[in-house]
A.B. asks: 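My structure is below; once you've seen it, I'll send some questions.
Everything numeric in this text was worked out from a predicted model, so none of it was measured. Any value given below was found using the heavy atoms of this structure, including those in side chains, with hydrogens, waters and symmetry copies removed.
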Amino acid sequence: MKFLLDLLLLLPLLIVCCLESFVKLFIPKRRKSVAGEIVLITGAGHGIGRLTAYEFAKLKGKLVLWDINKHGLEETAAKCKGLGAKVYTFVVDCSNREDIYSSAKKTTKAFLSAMMKNNHGHIVTVASAGGHVSVPFLLAYCSSKFAAVGFHKTLTDELAALQITGVKTTCLCPNFVNTGFIKNPSTSLGPALEPEEVVNRLMNGILTEQKMIFVPSSIAFLTILERILPERFLAVLKRKINIKFDAVIGYKMKPQ
């Protein structure tokens, strides 16, 4: 009973917060400067990582680029240097803990402990819409993305609990992106996203310090629906969304 009374007492605050959020929809958010900041980008040798490196290079960040693909990494670095950025590259296997620690010793202010000490920094987690809504035949992928989203949310709450307000967090959750990772994806939500569109949204989200970035924005609405709609209706809705892609090796797909 006491808990219910406490909730009722919070109702005025809820109304104020909702009004505040509504007003902010019409006020352009100020973009912060990252000139001179050290920017560590993993997977910088291709795809979204490469395009993100280009954008930070344009903003005069000091780039530390990691990738397991040396050739792709060198191509990215060359373009970033051409854009006027200082660039440091390391061939790193991000699935190898010792490789990560060894490379980290060659960089400064690269990880959370240094950020917390200085109360300054920004941690970006690249997840997926598959980290909020499950997709059949992408079990391992969705599981890893659910973990990434959980990491982002927990880290955000821990920083808040420690009153470390200078370290910001952002999580990117796009729909299917046309990078070749998943072959011929399609949904009724629209065609596969182009990497450039996703990176534009990501950069805007980082510079305006958004916590969660959904691309397209309709994904956010779907995550809410999944929590409030009856299970039977959700099953019909998922069929209407009609997610398709080429068969995953190891599964036998029924003919459409």
A.B. asks: Go through it in stages, so that I can follow the logic: the residues are His46 and Glu75, the test is side chain to side chain contact (heavy atoms under 4.5 Å, CB included), and I'd like the CA-CA distance, side-chain angles, deciding distance and then a yes or no.
C.D. replies: CA-CA 9 Å; His46 64 287; Glu75 287 185 341; over 6 Å; no
A.B. asks: Please table the atom pairs, donor to acceptor, closer than 3.5 Å between any side-chain atom in residues 172-193 and protein atoms at least two apart or in another chain.
C.D. replies:
{"residue": "Asn178", "atom": "ND2", "partner": "Glu194", "partner atom": "OE2", "Å": "3.2"}
{"residue": "Lys183", "atom": "NZ", "partner": "Gly180", "partner atom": "O", "Å": "3.4"}
{"residue": "Asn184", "atom": "ND2", "partner": "Asp246", "partner atom": "OD1", "Å": "3.3"}
{"residue": "Asn184", "atom": "ND2", "partner": "Asp246", "partner atom": "OD2", "Å": "2.8"}
{"residue": "Thr187", "atom": "OG1", "partner": "Leu189", "partner atom": "N", "Å": "3.0"}
{"residue": "Ser188", "atom": "OG", "partner": "Lys240", "partner atom": "O", "Å": "3.0"}
{"residue": "Ser188", "atom": "OG", "partner": "Ile241", "partner atom": "O", "Å": "2.9"}

A.B. asks: Is Arg227 reaching over with its side chain to a backbone N or O of Thr223, donor-acceptor style, under 3.5 angstrom?
C.D. replies: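 Answer holds: yes.
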A.B. asks: Which heavy-atom pair separates Gly205 from Ile213 by the least distance, and what is that distance?
C.D. replies: CA-CD1, 3.5 Å
A.B. asks: Any link between Leu19 and Ile27 through a network of hydrophobic side chains (Ile, Leu, Val, Met, Phe, Trp, Tyr) touching at under 4.5 Å?
C.D. replies: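 No, separate clusters.
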A.B. asks: Looking at Ser144 and Tyr141, would you say the former's side chain and the latter's main chain have a donor-acceptor pair under 3.5 Å?
C.D. replies: yes
A.B. asks: Strictly distance-based, threshold 3.5 Å: is any side-chain N or O of Asn200 a donor or acceptor partner for the main-chain N or O of Glu196?
C.D. replies: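 Looks like yes, one N/O pair under 3.5 Å.
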A.B. asks: How many angstroms lie between atom NE2 of His120 and atom OG1 of Thr165, to the nearest 0.5 angstrom?
C.D. replies: 12.0 Å
A.B. asks: Could you report the tightest heavy-atom contact between Phe90 and Tyr88, atom names first, then the distance?
C.D. replies: CE1-CB, 4.1 Å
A.B. asks: Going by the rule salt bridge (Lys or Arg N to Asp or Glu O under 4.0 Å), which residues pair with Glu37 if we only count those two or more places apart in sequence or in a different chain?
C.D. replies: none
A.B. asks: What verdict does the salt bridge (charged side-chain N to carboxylate O under 4.0 Å, His left out) test give for Lys29 and Glu209, after you've listed the backbone C-alpha separation in whole Å, the side-chain angles of each residue and the deciding distance to 0.1 Å?
C.D. replies: CA-CA 9 Å; Lys29 294 182 179 178; Glu209 299 180 347; over 6 Å; no
A.B. asks: Out of curiosity, Cys80 SG to Phe56 CZ, how far, rounded to the nearest 0.5 Å?
C.D. replies: 11.0 Å
A.B. asks: Same cluster or not: Leu59 versus Val87, using hydrophobic residues (I, L, V, M, F, W, Y) connected whenever any side-chain heavy atoms lie under 4.5 Å apart?
C.D. replies: yes
A.B. asks: With sequence neighbours left out, what residues match His132 under ring pair (Phe, Tyr, Trp, His ring centres under 6.0 Å)?
C.D. replies: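 If we apply the ring pair (Phe, Tyr, Trp, His ring centres under 6.0 Å) test to His132, skipping adjacent residues, the hits are Phe214.
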A.B. asks: Do you know the tightest heavy-atom contact between Thr125 and Ala148?
C.D. replies: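 Nearest pair, atom of Thr125 first, then Ala148: CG2-O, 3.6 Å.
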A.B. asks: Got a sec, which pairs hit salt bridge (Lys or Arg N to Asp or Glu O under 4.0 Å) with one end in residues 57-72, sequence neighbours left out?
C.D. replies: Glu55-Lys58
A.B. asks: From Leu237 CG over to Glu231 CD, what is the distance, rounded to the nearest 0.5 angstrom?
C.D. replies: 13.0 Å
A.B. asks: Please round to the nearest 0.5 Å and tell me the distance separating atom NZ of Lys32 and atom OG1 of Thr208.
C.D. replies: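 Reported value, rounded in 0.5 Å steps: 9.0 Å.
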A.B. asks: Of the non-hydrogen atoms in Val91 and Ile68, which two are nearest, and what is the gap between them?
C.D. replies: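 Closest heavy-atom pair between Val91 and Ile68: CG1-O, 3.7 Å.
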A.B. asks: Shared ILVMFWY cluster between Val16 and Val23, side chains joined below 4.5 angstrom?
C.D. replies: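 Different hydrophobic clusters.
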A.B. asks: I'd like to check the side-chain hydrogen bond (donor to acceptor under 3.5 Å, both in side chains) partners of Thr170; sequence neighbours left out, ordered by chain and number.
C.D. replies: His122
A.B. asks: Among residues at least two apart in sequence or on other chains, which ones pass side-chain contact (heavy atoms from CB on, under 4.5 Å) with Thr169?
C.D. replies: His152, Leu155, Thr156, Leu159, Lys211
A.B. asks: Could you state the interatomic distance from OG1 (Thr52) to CD1 (Ile206), rounded to the nearest 0.5 Å?
C.D. replies: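 Here the rounded value is 6.5 Å.
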A.B. asks: Considering all heavy atoms of both residues, which atom of Ala77 and which atom of Thr89 are nearest to each other, and what is their separation?
C.D. replies: CB-CG2, 3.5 Å
A.B. asks: Quick check: is Val124 connected to Phe146 through a chain of hydrophobic side chains (ILVMFWY, heavy atoms under 4.5 Å apart)?
C.D. replies: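 Unlinked, Phe146 and Val124 end up in two clusters.
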A.B. asks: Quick one: CD on Glu226 to OG on Ser134, what's the gap to the nearest 0.5 Å?
C.D. replies: 6.0 Å
A.B. asks: Looking at every non-hydrogen atom in both residues, tell me the closest pair between Lys145 and Ser128 and how far apart they are.
C.D. replies: CG-CB, 3.7 Å
A.B. asks: Same cluster for Phe233 and Phe221 if Ile/Leu/Val/Met/Phe/Trp/Tyr side chains link at under 4.5 Å?
C.D. replies: yes
